[in-house]
Amino acid sequence: MMLQEMSHDPITSPKSFCSSVEQLCRQNGAVSILFATWAYQRGGAKLVAKGWAYDEMARKLSQGGGGK
């Protein structure tokens with residue numbers, strides 16, 4: 001099963017994100033494959049609205065969300 005989430009959900013809702021993946025796979029007997037998304041455009045309005053720096057968002061996404 002291949003899944004892709006909104007670009008910020010793994011950061012803003014990591015527990016919900018992981019729980020949803022586990023539930024979908026368990027219900028379907030599937031193995032998950034997650035496509036990573038990329039950080040919002042450097043200096044773009046979406047980053048400004050979230051109050052994030054590009055490097056911060058990119059790092060958190062590469063760590064699997066939540067800034068672990």
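Position 1 is the first residue of the sequence, and the numbers go up from there.
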Taking only residues two or more places apart in sequence, or in another chain, which ones meet [X] in a side chain to side chain contact (heavy atoms under 4.5 Å, CB included)?
X   : result
A58 : A39, Y54
K50 : H8, Y40, W52
Q41 : none
S19 : none

inquiry  = Taking salt bridge (charged side-chain N to carboxylate O under 4.0 Å, His left out) as the definition, give me every residue that meets it alongside E22, ordered by chain and number, with sequence neighbours left out.
reply    =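 Testing E22 for salt bridge (charged side-chain N to carboxylate O under 4.0 Å, His left out), a comparison that skips the adjacent residues, returns none.
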key: Distance-minimising heavy-atom pair for V31 and C25   =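 What the structure gives for the nearest pair is C-SG, 4.2 Å.
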inquiry  = Please list all pairs meeting salt bridge (Lys or Arg N to Asp or Glu O under 4.0 Å) that have one or both residues in residues 33-44, counting only residues at least two apart or in different chains.
reply    =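 For residues 33-44: R42-D55.
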